[in-house]
There are 2 protein chains.
Amino acid sequence: MDPSRTKPATIADVAARAGVSVPTVSRVLTGAAKVSPAKREAVEAAIAALGFRPSAAARVLASRKAQVIAVIAGDTSQYGYAETIRGIEEAARAGDYTVMITVVESTDDDEIDRAIAATLSQPLAGVCVLKFDPPGVAALHRIPPSLPVVALSGVREPGLRQAVLDESRAAEELTDHLLDLGHATVHHVRVPPSRREDGRTTGWRRALKRRGAVVPPLSDASWDPRSGIEIGRRLADDPTVTAVFCGNDEIAMGVIRGIVASGRRVPDDISVAGFDDHPLASLWTPPLTTVDQDFAGLGRRGLQLLLNEIAGETGRRFSSERPQLVVRESTAPPPADAAVRRIV
Amino acid sequence: MDPSRTKPATIADVAARAGVSVPTVSRVLTGAAKVSPAKREAVEAAIAALGFRPSAAARVLASRKAQVIAVIAGDTSQYGYAETIRGIEEAARAGDYTVMITVVESTDDDEIDRAIAATLSQPLAGVCVLKFDPPGVAALHRIPPSLPVVALSGVREPGLRQAVLDESRAAEELTDHLLDLGHATVHHVRVPPSRREDGRTTGWRRALKRRGAVVPPLSDASWDPRSGIEIGRRLADDPTVTAVFCGNDEIAMGVIRGIVASGRRVPDDISVAGFDDHPLASLWTPPLTTVDQDFAGLGRRGLQLLLNEIAGETGRRFSSERPQLVVRESTAPPPADAAVRRIV
DNA sequence: CTGAAAGCGCTAACAA
DNA sequence: TTGTTAGCGCTTTCAG
């Protein structure tokens with residue numbers, strides 16, 4: 001009587017109630033083989049009446065086919081990660097897959113193995129690795145080669161099935177925008193890089209070199225927006241700094257805060273640009289010039305690639321998209337005296 | 001030779017290689033029964049040599065015990081949700097559980113069932129429902145009663161195993177703070193409520209009534225920070241408005257933007273407070289007065305409660321924590337003329 | 001189209 | 001302590 005004590009119906013219960021054999025029930029469940037309309041209806045009625053839900057565990061065991069996608073990420077609450085995961089989940093749900101999340105916080109192999117052990121012992125259809133930071137990159141190498149894998153990141157790499165957001169091209173375009181405004185060079189604040197050099201930094205450097213501008217030393221920020229404040233202060237103290245490109249919008253907000261605290265204005269004295277087009281970027285004072293990254297789309301594309309591989313398709317192993325430059329009010333031409341100084 | 005074609009080792013392979021029976025391998029795996037050191041070592045060596053990883057599906061099927069926790073949420077990329085999920089995942093990983101995420105976007109029973117069907121067919125140890133919005137609330141009722149469930153939310157409700165962040169107390173305190181500053185009353189901008197009335201709104205109303213202040217009409221915002229802009233404009237147009245309490249920090253940022261665009265100052269003309277202590281709240285101009293919510297802690301506490309229930313403990317069914325008021329610079333006494341108008 | 005028989009990889013009694 | 005014997009709930013041959 002107590003529903004909480006009723007144990008779930010099995011396929012045998014359904015078969016009995018519908019007056020058919022167990023394999024017939026299985027056939028209507030999987031839709032694999034033809035079943036006469038009469039029996040099919042009887043089975044469906046029994047399923048509904050019993051509230052039967054097939055056990056995924058038994059199913060996986062018998063069919064050797066899983067319906068779970070594991071997502072491995074270095075972080076889940078950062079804007080970009082959270083959005084990417086949202087896109088993955090959305091696409092997975094549409095394809096009747098379920099998403100499992102595992103966070104890896106370290107780059108140490110043993111720690112990674114420990115973190116992903118519970119997940120890898122699950123029956124997995126495939127794995128999505130968010131390769132935006134060192135832990136994500138390290139985790140990629142610990143996935144058994146027998147599992148279909150797709151990497152999502154900001155830089156193309158050979159030999160990998162991956163969906164990317166072409167950050168270096170976008171960063172190059174953003175740097176060009178600043179240079180076009182008349183700045184002699186552009187400083188860069190880097191967020192924790194995924195490799196020796198991430199796409200944003202690469203694009204920035206490439207634009208500077210192509211235009212013959214000096215490549216100033218990098219500043220390194222953490223993921224915490226407040227880490228930008230001190231960097232902003234330091235940059236503001238250097239009178240030759242007129243343009244700063246930050247690795248993400250949140251750091252840009254911190255940097256602006258630090259610059260303003262030092263008594264210099266944005267963009268009048270110093271232009272500051274971010275990256276990502278965070279939901280608050282347009283609300284910031286001043287509204288941020290940035291690059292719109294479609295993270296949710298990246299997640300969807302990545303999952304699609306993975307599903308293709310799972311289906312055994314030999315087609316595309318790669319999907320790239322170019323983020324869009326969004327010019328707002330935090331970037332402007334350098335102040336007149338800076339321009340003069342440059343010419344001299 | 002090709003590792004990608006090697007099929008995974010089974011427990012039988014391990015047993016054969018170690019020269020023991022299958023159940024003995026199982027015993028060292030589960031640690032349930034005593035095994036002689038010699039055999040244990042042989043088994044462990046075989047496991048390592050073969051890179052054996054037990055199949056969770058088979059394990060679940062045989063033992064009827066799952067190691068997966070499903071998290072059902074209405075959103076995953078919002079700051080509060082993302083942080084809560086991070087806390088859940090962290091605690092789950094520590095307890096060797098794995099976390100599965102499912103998003104429900106609708107409040108329609110059929111759609112919810114469709115969304116969670118794939119997840120519920122998995123062998124689940126328990127379910128965490130993030131009950132902060134209407135889809136989350138609706139989803140709670142669609143979980144089979146046979147499954148251990150814990151609800152995470154901002155308001156206590158009887159009959160539920162739940163971890164809460166006592167929002168109404170905190171909202172009351174925040175409203176009191178504004179009233180203490182000398183404001184005649186406080187306006188409220190609500191984010192999509194989880195019930196007829198959410199904790200933030202309840203606390204606000206309670207404080208106002210207790211202090212004998214007028215309860216002004218509510219404004220409703222969406223989750224998009226930009227929806228606050230228009231509301232800010234409208235509020236700024238009403239000269240009697242001197243204090244606004246927004247349902248979250250992001251909306252507060254939008255509201256401030258709208259107020260400033262209308263030519264009024266924050267906090268000089270109008271005080272604005274948020275809720276959540278978003279990572280950018282302290283960087284905003286002006287830095288936001290808000291309430292610090294420990295979402296990650298909420299997630300950890302909730303998961304702990306769920307683990308207790310799974311372990312069959314009859315102990316605490318409830319865990320509550322009081323968010324902390326954080327006073328920064330977006331709130332101040334009302335302008336002198338407003339005070340006069342109030343006395344008259 | 002349908003049913004009978006045989007597992008999937010593991011754990012849980014039960015003897016030994 | 002250890003091995004033997006039975007399944008867990010489902011899918012997959014294979015006959016019919």
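Convention: sequence-line order gives letters A, B, ...; per-chain numbering from 1. Below, all heavy atoms of this structure are taken into account, side chains as well, without hydrogens, waters or symmetry copies. This structure is a prediction, so every number in the text was calculated from the model and none was measured.
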Side-chain N or O of [X] versus OP1/OP2 of [N]: is the shortest distance under 4.0 Å?
X	N	answer
Ser55(A)	dC8(D)	no
Thr10(B)	dC8(C)	no
Ser21(B)	dG3(D)	yes

Next on the checklist: Measure CZ/Arg40(B) against C1'/dT1(D) and give the value in whole Å, please.
Outcome noted: 12 Å
Checklist entry - Roughly, in whole Å, what's the span from CG in Leu61(B) to P in dT11(C)? => result 11 Å
Next on the checklist: On DNA chain D, compare the nucleotides closest to Val20(B) and Arg53(A); which residue's is nearer the 5' end?
Outcome noted: Val20(B)
Next on the checklist: Could you check whether Arg161(B) makes a cation-pi contact with Phe318(B), meaning its NZ or CZ is under 6.0 Å from the centre of the six-membered ring and within 45° of the ring axis?
Outcome noted: no
Checklist entry - Are any side-chain N or O atoms of Arg64(A) and backbone N or O atoms of Ala62(A), one a donor and one an acceptor, separated by less than 3.5 Å? => result yes
Checklist entry - Can you give one letter per nucleotide of nucleotides 11-16 of chain D, 5' to 3': B if a protein heavy atom sits under 4.0 Å from the base, S if only from the sugar-phosphate, - if neither? => result BBB---
Next on the checklist: Check this for me, if you would: do Glu83(B) and Arg86(B) make a salt bridge, where the nitrogen-to-carboxylate-oxygen distance has to be below 4.0 angstrom?
Outcome noted: yes
Item to check | SB check Glu157(A) Lys131(A) (cutoff 4.0 Å) | outcome: yes
Next on the checklist: Are more than 12 heavy atoms, taken from residues, nucleotides or ligands other than Arg317(A), located less than 6.0 Å from that residue's CZ atom?
Outcome noted: yes
